[in-house]
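Data block below; observations after.
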Amino acid sequence: MSTLAEWITVPLQFDFMQRALLVSVVAGVVCALLSCWMTLTGWSLLGDAVSHAVLPGVVLSYLFGLPFAAGALVFGAGSVALIGVVNRTSRVKEDAAIGIVFTAMFGIGVVLISRIPSQTDLMHILFGNVLGVSDGEILQILAMAALILAVVGLKHRDLTLYAFDPVHAHAIGLRPRRLEALLLGLLSVTVVVALQAVGIILVVAMVVIPGATAYLLTDRFERMLLIAAAVSAAASVVGTYVSFHADIATGGAVVVAQACGFALAYLFSPRHGVAARLLRRSPAPAG
Amino acid sequence: MSATETTRTPPQPGQEQSPPPPAVEVAGVTVRYGDVLALEDVSLSVGRGRICGLLGANGSGKSTLFTTIMGLTPASRGRVRILGSDPAAARRRGLVGYVPQSEQVDWAFPVRVADVVMMGRYGHMGPSRRPRRADRAAVEQALERTGLSDLAHRQIGALSGGQRKRAFVARGIAQGARLFLLDEPFAGVDRPSQATISEVLAAMRDDGATLLVSTHDLAGVPDLCDEAVLLQRRLIAQGAPADVLTPQRLLEAFGIAPHPGGRAA
Ligand SMILES: Nc1ncnc2c1ncn2[C@@H]1O[C@H](COP(=O)(O)OP(=O)(O)OP(=O)(O)O)[C@@H](O)[C@H]1O
Ligand SMILES: [Mg+2]
């Protein structure tokens, strides 16, 4: 099948495709890891919030010629902290606090965008620019991804304990608040890693879908992490290739590939899939 | 406090001179939830190696006493000491186990029974909580003692209510907690399961652990417990079960006299 081989090898001759694959796979993997906790803690909305809230940071970085990660990290972590403050110091519930902070931040970003001279830059911010990612940006992405992998490698069991049973974490002397802050900090950095790959609008897909897909496929958390990472990396590769050959937006293609993976798991997961359930004629699980 | 007799030190030859500090000491604790006064000036202490039954009507403050000892509910007055040290320090040393009245966990969480029990070992592990052979052995033993060995690989939500209770007791065993707080471990549990749990608790006591167990099964108290505490917002009595469970005190605590030898509502 020389055509299939060509389908695979031809894009690799282009430097920009190699970089694009690298960035989308790295982003896919770190997002996938975080997405496992996001799905289980019910924080998916928070992923959406953080990704939108980084907009002003990214715009400011563009305007002042700073590394994009700098502004994005400040606004990502800042908005998470702000959500916590509003939630804790008023009677406003968490989902409302999230909605307020992220729309406010996004609004500030939209205001700032009117100062951006080029429409191309705007499109890159909103929808990603993985085909035009620079050396400096790749370095930032790899550094942040390495940090996330190191922290997750060291702390994933504590984070899982926190997500499952914070009272027990407290009982054995851990600080649930600190673990929560760690998880939110990781989420902020992860969102920034994925910005270049898929853009602000679609980041939330990357921090929700892989975890949800893996959750349908296993009852063991450690496996869930591995499955999510594998599925997400595969979606990144497939999406990037399809975008090259079909000449469509890369970020969108990656997210559609993620969604297809989820749909397959939803339908055909051996234990938790719809098809298997119909065959067994057992009722849908509660919750 | 109107306690009859506080602690009969268990026979420990050679230790009569300087008894170790009690397993748990609650001194003058008052807890409010807004306008609700849940505990008022409660003082009690439980010696080491004992099972203490915590009794009282619904809303008498049993769960509040547990969460206050655990540092989950702040006391507006009074203080708690665990095994002679500050509660936070005791928790950090892995000395305290706690099984809440109803676990607020996501039962669909992708963890197996053995994984949950392993979480009891985290305090014994390095920073990345990678289990070693001793941890695996402790988990296996705890599962065996609670009769859950066959269910070790089930997802936690795929257990019955009584089996779930036992899984969380197993976690406390694996932890090697020296003070173990169990809030109504027998609620919704059938007789065989209750017998299994009681046996396990007695074995922990025999290993020197101290257990504070709230229960509505008054009839089972004399068999299970070395002492009992009767609570009704204030402490009504603490002492040997026979001394605490007098008709007059039960009337004071429950407002009605339960059938002699029967179960309270
Ligand atoms: N979170 C809370 N907010 C307000 N009031 C509370 C809260 N928790 C408990 N209370 C009140 O405090 C009192 C003691 O409650 P607690 O749960 O400690 O009782 P209990 O002895 O454990 O009862 P039960 O036997 O029903 O478990 C009750 O009057 C209860 O209504
Ligand atoms: Mg209670």
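Chain naming here is simple, since letters A, B, ... match the order of the sequence lines and numbering starts at 1 in each.
- Contact of R271(A) with chain B is not made at all, since no heavy-atom distance falls under 4.5 Å.
- For the pair I69(B)/L65(B), a side-chain contact is recorded, criterion being any heavy-atom separation below 4.5 Å from C-beta on.
- Between the side chain of S43(B) and the backbone N or O of G28(B), at least one donor-acceptor pair lies under 3.5 Å.
- Using bins of under 30°, 30° to 60° and over 60° for the plane-to-plane angle, the ring pair F221(A)/F109(B) lands in the parallel bin.
- The two residues T39(A) and S44(A) come nearest to each other via the heavy atoms CA-OG, 4.4 Å.
- Comparing R171(B), M125(B), M118(B) by how many heavy-atom pairs each has under 4.5 Å with chain A, the most go to R171(B).
- If you measure heavy-atom distances from V99(B) to chain A, you find no contacts under 4.5 Å at all.
- With a 4.5 angstrom heavy-atom cutoff, A169(A) does not touch chain B via any of its atoms.
- Most heavy-atom pairs under 4.5 Å with chain A, from the set V111(B), D106(B), V116(B): that is V111(B).
- Among the residues in residues 139-169 of chain B, those with a non-hydrogen atom closer than 4.5 angstrom to a non-hydrogen atom of chain A are Q155(B), I156(B), F168(B).
- Taking G153(A), P166(A), A163(A) one by one and counting their heavy-atom pairs under 4.5 Å with chain B, the maximum is reached by A163(A).
- When all heavy atoms are compared, the tightest approach of G47(A) to V207(A) is CA-CG2, 4.1 Å.
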### Query
Where do S24(A) and S236(A) land on the side-chain hydrogen bond (donor to acceptor under 3.5 Å, both in side chains) test, with the steps shown first?
CA-CA 5 Å; S24(A) 28; S236(A) 291; 4.9 Å; no

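- Between V256(A) and C260(A) the shortest side-chain heavy-atom distance falls below 4.5 Å.
- Using modelled atom types, no side-chain atom of R220(A) and backbone atom of R112(B) make a donor-acceptor pair closer than 3.5 Å.
- With a threshold of 4.5 angstrom between heavy atoms, T160(A) approaches chain B through its backbone and through its side chain.
- When each of R205(B), R48(B), R50(B) is paired with D226(B), the salt bridge (charged side-chain N to carboxylate O under 4.0 Å, His left out) condition holds for R205(B) and for no other.
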